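Since this is a predicted model, take the numbers as computed values, not measurements.
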Amino acid sequence: KKMIENNTTQNNTNIKSAIILLAAGKSTRFTGNNKLLQKLQGVSMLTHCYNGIKKSNVEQLIVVTSPENLDQVTSLSDPYPDIGLVHNNELGLGNSISVGMNCLHKDINCVIICLADMPLVVNYHIQLLLNGNISRDFNSIIRLYDVNGNIGHPILFNSYFFPELKKLNGDVGAYDITQKYNELVSKIKVDNLSVSTDIDTMTDWDDFTNQHN
């Protein structure tokens, strides 16, 4: 097994966490529209997803966005997030994660990566990850799984993984890291589909709004 040596001094009193909300996608599968601007309960999906997690027990909130979503991100508030700007969203999810990682305050040693097209993710899910991190002594990757055992988001990484997260590029995201350190992945199962419900297509959107409006 791979051993984590540089986290052994961490404890519950000096762990500082951040959320990176990824909102720089091109919405290429959403029939020509920007899915993050779709209205959900009176606000854009991006705002809805941010509002769902912004009161979480973390020290820093970062939203990574592209120029076309920048106006929407600058309107987020209570609290205002730090903003990472992706100038070329052709570079993919991995690049967005890298941009977000480079916005972290220097004292952050735990990061939770969230997606801005998952409207059922809320503070509760963030707290599940934070609690799981405490119980696993801050030396794991913490993943959420849905009621059917499917991989979900968000996902938590401790500082041991920061160097590799900062080097990501392409559209695979952090998948390769979770595979490389598979024995360090701790799984938390939730009793519904909230952590695996994302909006990629107009069909996804129609199904979701029919169920939740």
Atom NZ of residue position Lys55 - does it have more than 12 heavy atoms of other residues, nucleotides or ligands inside 6.0 Å?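 Correct, the count exceeds 12.
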
Mind checking whether Asn139 and Leu184 have side chains closer than 4.5 Å, heavy atoms only?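 SC-SC contact between Asn139 and Leu184 ruled out.
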
Kindly indicate whether the side chain of Leu21, heavy atoms from C-beta on, has any atom under 4.5 Å from the side chain of Ile62.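 Answer no - side chains too far apart.
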
Counting distance only, does the side-chain N/O of [X] pair as donor-acceptor with the main-chain N or O of [Y] below 3.5 Å?
X      : Y      : answer
Arg143 : Ile188 : no
Ser77  : Tyr80  : no
Thr197 : Leu193 : yes

[atom1]-[atom2] distance between [X] and [Y], expressed to the nearest 0.5 angstrom:
X      : Y      : atom1 : atom2 : result
Asn95  : Lys167 : CG    : NZ    : 15.5 Å
Ile108 : Gln60  : CD1   : CD    : 5.0 Å
Cys103 : Leu61  : SG    : CG    : 12.5 Å

Assess the residue pair Gln38 and Ser44 against the criterion (side chain to side chain donor-acceptor pair (under 3.5 Å)); give the C-alpha distance rounded to whole Å, side-chain angles, the decisive distance to 0.1 Å, and a yes or no. CA-CA 5 Å; Gln38 295 291 115; Ser44 71; over 6 Å; no

Could you tell me whether Asp200 and Lys35 have a side-chain N and a carboxylate O separated by less than 4.0 Å?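 Yes, charged N to carboxylate O under 4.0 Å.
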
Tell me if the aromatic rings of Tyr181 and Phe161 count as close, with their centers under 6.0 Å from one another.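 That pair passes the under 6.0 Å test.
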
Is it true that the side chains of Asp146 and Ser196 contain a donor and an acceptor less than 3.5 Å apart?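 Short answer, yes.
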
Which residue is it: Asn158, Leu130, Leu156, Asn133? I am looking for the one with a side chain to side chain contact (heavy atoms under 4.5 Å, CB included) to Ser17.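 The side chain to side chain contact (heavy atoms under 4.5 Å, CB included) with Ser17 is passed solely by Leu130 among Asn158, Leu130, Leu156, Asn133.
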
